[in-house]
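See structure below.
What you see below is based on every heavy atom in this structure, not just the backbone, and it leaves out hydrogens, waters and symmetry mates. Order of the sequence lines fixes the chain letters, A, B, ..., with proteins taken first and strands second; residue numbering starts at 1 for each chain. Keep in mind it's a predicted model, so treat the numbers as computed, not measured.
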Amino acid sequence: MKRLPEVDVVIVGGGWNGLLMAKELATRTSLSILVLERGGSHKPSEYVEGMDELDYGIRLKMMQDISEETVTFRHGPRDRSLPVRQYGSFLPGSGVGGSGEHWSGISYRYTPDAFELHSRTVEKYGANRLPEGHSIQDWGISYSELEPYYTRAEKMMGISGKAGNLHGKPVQGGNVFEGPRSEEYPTPPMKVPYLAALFRDATERLGYHPFPLPAATTSRAYKNPDGVSRAGCSYCGYCERFGCMIGAKAQPTNTVLPVLAHSRNFELRTGCRVRRTLRDAGHARGVTYVNAQGEEVVQPAGIVMLASWTLNNTRLLLLSGIDDAGKVGRNLTHHISIPAAMAFFEKPLNRFMGAGAAGIAINDFDADVFDHGKLDFIRGGSLYTVCYGFRPMANFGVTPASVKSTWGSEWKKASLHYYDRTGRISFYGEHLAYRDNYMDLDPTYKDRHGDPLLRLTLDWRDNERRMAAFMSRKAEQIAKEMGATEVTPFPGLKRYDATRYQSTHIQGGAIMGAKEGNSVVNNYLQHWQTPNLFVLGASAFPQNPSGNPTLTALALTYRTADAIIDRFIRNPGPLA
Amino acid sequence: MRRRHFLTLSATSLGGVLVYTLARKPIRVHAQDGQQTTLKLPLRFFTEAQALTVAAAAAQIFPSDDSGPGANEAGVVIYIDRQLAGPYGQDRFRYTSPPFAPGVPEQGYQGSESPAQLYREGLKQIRGLHLLGPSEQQATLTRIEHTPFFSLLRTHTIEGMFCDPMHGGNAGLIGWQLIGFPGPRMSYAGEIDKYYGREFRPEPLSLAQVLGRNAKPGEDAK
Ligand SMILES: Cc1cc2nc3c(=O)[nH]c(=O)nc-3n(C[C@H](O)[C@H](O)[C@H](O)COP(=O)(O)OP(=O)(O)OC[C@H]3O[C@@H](n4cnc5c(N)ncnc54)[C@H](O)[C@@H]3O)c2cc1C
Ligand code: SF4
C-alpha cells in the first residue's frame, strides 16, 4: 500500500458538511486540510446541459453509482435483508458538493423542544406516552446553544424566509411556532406560486398560520459574509435532483468552494473512495482509500473527520471496527414524508414553474405545539405545498379516483386534463427512534471492493401511522378549502417502502448525547473514546424532527469548527 | 454482430409531424395523397417485428385519438429502442450482484433480468400484436396488465411521450405541446406569481434549442 505524507486534518466526503468544515479550518488556521471525495468534480456548464428530466430526474445522473454500492433493507430483525437494487426511498449524492448540489434547499430550524424530546415528553405526558420499543433520547444540546450557529449557517447560504419569532416575540406571517431567532432571515421570502397561494389563503381562512418555506433557493441576489455572491432564483423548475444553472441555489460548489479557491493549505482529491479509518491506542491515525487509478493508499492524519453522510459515516465506522459495543448504527430514522392529499382543481396551475423550496407551510401541527393529551400519537410535523417545478415524466398520469383506467383513451384524456390541475399537499413528520430500527453490516452482500454493504432494518410503528392518518385528514380539509373538486387522501402508512421516494433525510448511526453511555459522539460530534475523530452530519441526530436536516447539520458543523479552532488545536482532548 | 433492423413506417401513420432519426436529425414527414411515402428508421435493439409490436402496445396505452396525438406520433418506440440498447436497458443503473432472492414488495424489484431481458421475454406474450384489430389488441394487453412487463411498457410510454426529443421520443415536442410543458427554460421570475388561475403556455423548446447546440443523451454514453 502506498503511504502518503501526513496531513493535519483529513475530511472524508466533499459534501455540505465536509466542505464547510474545510472552509472554516483552512481559512481560519494554518492547518493542512485534505478532503477526500469519492466522486468527480462538476463544471458549471454541466448544470445548463443537465436540464434534462430523463438523465437527471429519472436515471439520477448525480447520485451515487448504485451498481457499485448500495444498502440492503429489511423490515425487522428476523426478516431477510435484500439489496436495494434500484433507487427508491432516498437518493444519496456523489461527487464534489454531495447531495448539496441537487437538493431542494428547504432550510428549517428545529423547534427547541425537539432537542429535548425525551425529557419534555415525559415531563408533560408521562413516560408511558413514549411508544413501546422506543430509543428516544435528548440531543445533549439545547436550541439556544445552537441558535448563533443557525444564524451563521443561514447567512452563509442566504436563506430566504420570514421570521416568525424574533427574540421571543411572535411575528405574524412567519412561522410563529419556531424557536426565538436573534435575527431576521438574510433574504426576503420566495415569490408565491399559484398553488402555494391557494394553500396560504385556505389555511389562513381555516385559522392556521401559513408562512413561506425557508429557502436556500435564494429569492434575490445575495452576498454572504465570506464575500461570495449568488444570483436570485429564476424559478426554472429544474431544481430538486438538478444543480442550479445560474448558481442561485446555495450549493457547496457555489457557496463554499469559491472561498477555498486560493487557500494553499487546502486540497480536494476526487475519485478517492475511503474504505477504513485507522485507529490505535485511542487515536485516529488516518484513513485508507482507493484512488481513481485503483491504488490502495494510506493517508495519515492528525485529525480524522467523517463527513460522508449518514449511511456512509455509519458504514465506515463499522467497517473500521469501531462499533462502541453496539452503539454505532443505533437510532436509524427517516422522515414521514407523504402526499397527505392529492387535490384536483378546475383551474390550471402552471406547475412547471417553481423552485425546490418555493412554497407555503403550516406548522400548527408540528412538534408539541398542539396538545396531544387526547390523541393516539405524540409529536407532529409540517403540512405544506411546495412548487418545485412539476416535470412530466415523473408526474403524468395521476388522475382522481373517479377515473378507473390507468391506460388507454379514457385515462389519456383525463390525464391530459388533470396534468396541470393536480396539486399535492405534503406532510413531513417526525420519525421517532426505536430499538429495532438500526444499521449494521450485511452478512451477504458486498460492494465493488468486496466490503460488506450496510444493512438497514427499518419499519414504521403505530405512532407514525396514526400521525400520518391524522395529518391526511387535515390535508383533505385544506384541499377542499382550496377549492379542489376531488381529493385523494393518502391511503395510509403501512410498512416502510424502500421503493417510494420519501426524502434523503436519513438520520442516526453515530448519535450525539450528553453522556458516553448512550451516544457515540458528544455534542461537538467528537467520538467519546477517540478525541481526534469527528463524525459530522445528520448521523448525529438521535431521532428525526419534522423539518429538513441540512441547516441543523451545518449549524453543528460550525459549532465543532469553532471548538476545534478555539480549544482543540491548543489542547487536543475531549471537548465535552 | 447484430443484423441491422429498420422500422419502416408509412408517412400517413405519422400524421405529418416531425420525427427524429437516430442521428437526431429532425425530418418533417407529410402524408401525401395517393403516394405511399415510407420512412426507414434504423433500430438499435428491437427487430422490426418487435418494434411494430411495441409501437402497437404503446399506441394502445397512449392512443392517438380525439384528445390528440399519441405514442405513434411522438415516436415512443424509438425512445424505448434506444433506452433498451443503452446503459439503462443493460442494467447499468442497478445493483446486480447475486444472490437473487424473492423479497417483499417494499424491497423492490429483485429479479436478475435486465430491462432488455424483461422486454425480450415479455414480448413473447404479445407477439404479433400489431397484426390484430384494435379491440383484440386491447384484450391482449388487458390480459398482461398486471405483469411487471406491462408496467415497464406503460412507464416507458409515458417517458417516450414527454422526454426531451434528444432521447428519441416526444418528436416535434408533440408530448410537451399536449400538456403545455415548455421544456427547460432559464427564467420564470417575471411570471411565477402572475397568471394565478390562468394558463401560461410559453412555446415549448427542446434542450438543444435552448442551448443552441446538441447535448449528449445518457443512452449514448459508453
Ligand atoms: C433530491 C434531494 C433533495 C433534498 N432536499 C433537501 C432539502 O430541501 N432540505 C434539506 O435540508 N435537505 C435536503 N436534502 C438532503 C441534503 O442534501 C443532505 O442533508 C446534505 O447534502 C447532507 O450533507 P452531507 O455533507 O452530510 O452529505 P452529502 O451532501 O451527501 O455529502 C457526502 C459526500 O461524501 C462522499 N462520500 C461518501 N462516502 C465516501 C467515501 N467512502 N469516501 C469518500 N467520499 C465519500 C459522497 O460522494 C458525497 O459527496 C435533499 C437531498 C436530495 C438528494
Ligand atoms: S429553481 Fe431557482 S434555485 Fe432552483 S435551479 Fe432553478 S434558478 Fe436555481
Note to self: I'd like to check the ring pair (Phe, Tyr, Trp, His ring centres under 6.0 Å) partners of A/F199; sequence neighbours left out, ordered by chain and number.
What the structure shows: none
Checklist line | Region of A/R448 that comes under 4.5 Å of a non-hydrogen atom in chain B | finding: neither
Next item on the list: Measure from the side-chain N and O atoms of B/Y196 to the backbone N and O of A/A197, and report whether any donor-acceptor pair falls under 3.5 Å.
Entry: no
Item checked: B/I179 side chain near A/F396 side chain, heavy-atom distance below 4.5 Å -> yes
Item checked: A/K191 (side chain) donor-acceptor with B/A189 (main chain) under 3.5 angstrom -> yes
Margin query: What I'd like to find out is whether the side chain of A/L54 reaches to under 4.5 Å of the side chain of B/Q83, using heavy atoms alone.
Written below: yes
Item checked: Donor on one side chain, acceptor on other, B/R92 and A/S67, under 3.5 Å -> yes
Check: More than 12 foreign heavy atoms under 6.0 Å from NZ of A/K347: is that the case here?
Finding: no
Check: Looking just at side-chain N and O atoms, do A/N350 and B/R201 make a donor-acceptor pair shorter than 3.5 Å?
Finding: yes
Next item on the list: Name all residues meeting the salt bridge (Lys or Arg N to Asp or Glu O under 4.0 Å) criterion together with A/R230; count only those two or more places apart in sequence or in a different chain, and write none if there are none.
Entry: none
Notebook entry, point to check: Are B/Y188 and A/S234 close enough that some pair of their side-chain heavy atoms sits under 4.5 Å apart?
Noted result: no
Notebook entry, point to check: At a heavy-atom separation under 4.5 Å, does B/P98 approach chain A through its side chain, its backbone, both, or neither?
Noted result: backbone
Check: Is there any residue in residues 104-129 of chain B with a non-hydrogen atom under 4.5 Å from a non-hydrogen atom of chain A, and which ones are they?
Finding: B/V104, B/P105, B/E106, B/Q107, B/G108, B/Y109, B/Q110
Notebook entry, point to check: For B/S151, is it the side chain, the backbone, both or neither that has a heavy atom under 4.5 Å from a heavy atom of chain A?
Noted result: neither
Next item on the list: Mind jotting down which residue pairs meet the salt bridge (charged side-chain N to carboxylate O under 4.0 Å, His left out) criterion with at least one end in residues 63-72 of chain B? Sequence neighbours excluded, please.
Entry: A/K412-B/D65
Item checked: Flag, side chain of A/R85 to backbone of B/Y95, donor-acceptor distance under 3.5 Å -> yes
Next item on the list: Taking the side chain as every heavy atom from C-beta outward, state whether A/E53 and B/D164 have any atom pair closer than 4.5 Å.
Entry: no
